[in-house]
Undergrad: 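The structure's right below; bear with me while I get my questions together.
Bear in mind that the values here come from a model prediction, so they are computed numbers and not experimental data. In what follows, residues are counted from 1 in the order of the sequence shown. Order of appearance sets the numbers: ligands from 1, and atoms from 1 within every ligand.
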Amino acid sequence: MNDSAPFSSDETAHPGRLVIISGPSGAGKSTVVKQLLQRCEVPLQLSVSATTREPRPGETHGKEYFFLSHDEFATRRQTGDFLECKEVFSMGHWYGTLADQVATGLNAGKWVILEIDVQGALAVLDDPRYRPLTIFVHPGSMDELERRLRNRGTESESSLTARLETAAAEMQCLSRYQYEIINESVDNAVTEICQILKDQRKKSPCSKN
Ligand SMILES: Nc1ncnc2c1ncn2[C@@H]1O[C@H](COP(=O)(O)OP(=O)(O)OP(=O)(O)O)[C@@H](O)[C@H]1O
Ligand SMILES: Nc1nc2c(ncn2[C@@H]2O[C@H](COP(=O)(O)O)[C@@H](O)[C@H]2O)c(=O)[nH]1
């Protein structure tokens with residue numbers, strides 16, 4: 001037996017885990033995840049995706065997304081840099097999860113959050129390499145979804161229509177997820193998701209808790 005083991009017992013006590021949070025555009029995923037990162041005791045890391053869409057006012061490269069040109073995105077896709085990537089809302093814009101971000105987080109024992117659309121989630125959720133925890137967030141009704149998207153004030157009428165049409169199809173996939181969160185109150189949604197993560201972490205075979 002080698003006494004100079006490369007890892008301390010603390011580092012191996014809690015292996016990292018992939019957490020997929022998805023659901024329709026406008027459901028409140030980003031709002032909830034932002035607070036989850038601040039409030040939940042589980043060591044979380046948000047995977048920052050790449051996209052070809054234009055930054056909105058106030059969005060910064062590397063924070064909300066890595067904003068890439070279509071050529072840059074295509075090159076990275078060919079190189080195999082994405083764990084998954086999809087054209088979301090059929091409007092010509094691509095979004096993708098960067099594999100190296102996920103690997104770095106998981107190797108550091110983090111619970112890495114992918115805030116991705118349903119197509120992307122379906123591509124990953126049955127992958128035995130990841131064994132992800134899957135959470136579907138929605139606002140409870142299509143009327144409320146439309147109200148939130150309109151109030152956010154970020155979408156053109158055509159983008160809004162595409163997002164609502166996509167949402168109707170995405171709602172059909174709810175049963176593919178392990179957990180459903182109805183985001184009526186952000187505070188409650190954050191508390192519920194945090195509790196799920198804490199419970200799951202306790203079930204980890206290596207957990208000391
Ligand atoms: N529980 C809630 N009640 C009322 N409004 C909410 C709630 N949660 C989020 N919102 C608001 O709804 C809008 C959409 O939220 P957010 O941008 O977080 O959605 P999203 O699911 O991340 O959307 P997208 O997939 O397009 O990124 C925002 O204006 C946000 O402030
Ligand atoms: N399949 C993926 N979907 C992603 C990724 N990053 C974000 N998304 C989803 O796309 C829309 C984008 O909304 P926007 O309002 O920021 O334009 C949203 O539903 C995200 O969840 C990704 O890497 N892969």
Side-chain angles (χ1 to χ4, degrees), residues 18-38 46-68 73 76-77 81-102 105 112-125 127 130 132 134-156 158-171 173 176-177 181-193:
L18 203 60
V19 180
I20 295 180
I21 299 190
S22 63
S25 169
K29 302 179 296 296
S30 305
T31 308
V32 167
V33 166
K34 208 169 164 188
Q35 290 202 24
L36 190 70
L37 292 168
Q38 291 167 353
L46 177 63
S47 158
V48 178
S49 295
T51 183
T52 62
R53 84 150 163 75
E54 291 296 313
R56 294 177 186 138
E59 288 185 331
T60 337
H61 183 77
K63 188 166 175 240
E64 286 79 11
Y65 287 105
F66 293 100
F67 295 98
L68 305 183
F73 197 100
R76 297 201 66 168
R77 192 179 173 201
D81 286 358
F82 294 116
L83 187 151
E84 63 74 37
C85 66
K86 298 288 173 192
E87 185 192 350
V88 182
F89 313 126
S90 311
M91 304 262 305
H93 293 309
W94 283 75
Y95 296 78
T97 302
L98 291 159
D100 61 351
Q101 286 214 14
V102 173
V112 179
I113 300 180
L114 307 190
E115 193 198 312
I116 62 177
D117 85 323
V118 169
Q119 302 176 79
L122 294 180
V124 182
L125 61 75
D127 189 327
Y130 297 113
T134 55
I135 301 173
F136 190 97
V137 176
H138 67 90
S141 76
M142 291 299 283
D143 283 351
E144 177 60 16
L145 187 70
E146 180 167 354
R147 207 166 11 250
R148 287 184 192 179
L149 274 177
R150 284 194 185 280
N151 285 347
R152 192 170 72 180
T154 51
E155 305 313 311
S156 64
S158 60
S159 168
L160 197 116
T161 303
R163 284 169 191 251
L164 291 174
E165 282 175 6
T166 303
E170 287 181 323
M171 287 304 299
C173 300
R176 299 289 308 278
Y177 290 73
I181 299 292
I182 304 176
N183 172 28
E184 281 169 352
S185 134
V186 175
D187 205 37
N188 291 348
V190 172
T191 304
E192 284 173 46
I193 296 176

Undergrad: Which of the numbered atoms in ligand 1 are below 4.0 angstrom from a heavy atom of Lys29?
TA: 18 (O), 19 (O), 20 (P), 21 (O), 22 (O), 23 (O), 24 (P), 25 (O)
Undergrad: Below 4.0 angstrom from a heavy atom of Pro24, which ligand 1 atoms are there? Numbered from 1 as shown, please.
TA: 21 (O)
Undergrad: Quick check for you: to the nearest 0.5 Å, what is the distance between Thr60 atom OG1 and Phe67 atom CZ?
TA: 7.5 Å
Undergrad: Identify which one of Val19, Ile113, Ile181 satisfies the side chain to side chain contact (heavy atoms under 4.5 Å, CB included) criterion when paired with Ile193.
TA: Ile181
Undergrad: Relative to atom 24 (P) of ligand 1, which among Arg152, Glu115, Lys34 owns the nearest non-hydrogen atom?
TA: Arg152
Undergrad: Flag Ala27 as yes when one of its N or O atoms lies below 3.5 Å from any N or O atom of ligand 1, and as no otherwise.
TA: yes
Undergrad: From the options Ile21, Asn183, Thr31, select the one whose nearest heavy atom is closest to atom 8 (N) of ligand 1.
TA: Asn183
Undergrad: Closer than 4.0 Å to some heavy atom of Val186 - which atoms of ligand 1 meet that?
TA: 1 (N), 2 (C), 7 (C), 8 (N)
Undergrad: For a side-chain contact (heavy atoms from CB on, under 4.5 Å) check, start with the C-alpha distance between Phe89 and Asp117, then their side-chain angles and the critical distance, and finish with the verdict.
TA: CA-CA 9 Å; Phe89 313 126; Asp117 85 323; 5.9 Å; no
Undergrad: How long is the gap from CG on Leu122 to CD1 on Ile20, to the nearest 0.5 Å?
TA: 8.5 Å
Undergrad: Could an N or O of ligand 1 be found under 3.5 Å from any N or O of Glu144, whether backbone or side chain?
TA: no
Undergrad: Show me the pairs that pass salt bridge (Lys or Arg N to Asp or Glu O under 4.0 Å) and involve residues 81-100, at least two apart or across chains.
TA: Arg76-Asp81
Undergrad: Test of understanding: given a 4.0 Å heavy-atom threshold, classify the contact between Arg163 and ligand 1 as side chain, backbone, both, or neither.
TA: side chain
Undergrad: Can you list, by chain and residue number, every protein residue with a non-hydrogen atom closer than 4.0 Å to ligand 2?
TA: Lys29, Ser49, Arg53, Arg56, Tyr65, Glu84, Lys86, Val88, Phe89, Tyr95, Gly96, Thr97, Glu115, Ile116, Asp117, Gly120, Arg152, Arg163
Undergrad: Where the side chain of Gln101 meets the backbone of Val48, is there a donor-acceptor pair that is under 3.5 Å apart?
TA: yes
Undergrad: Checking side-chain polar atoms at under 3.5 Å, does Thr154 have a donor or acceptor matched by the opposite partner on Arg152?
TA: yes
Undergrad: Using modelled atom types only, decide if a donor and an acceptor are shared between the side chain of Thr52 and the backbone of Trp94 within a distance under 3.5 Å.
TA: yes
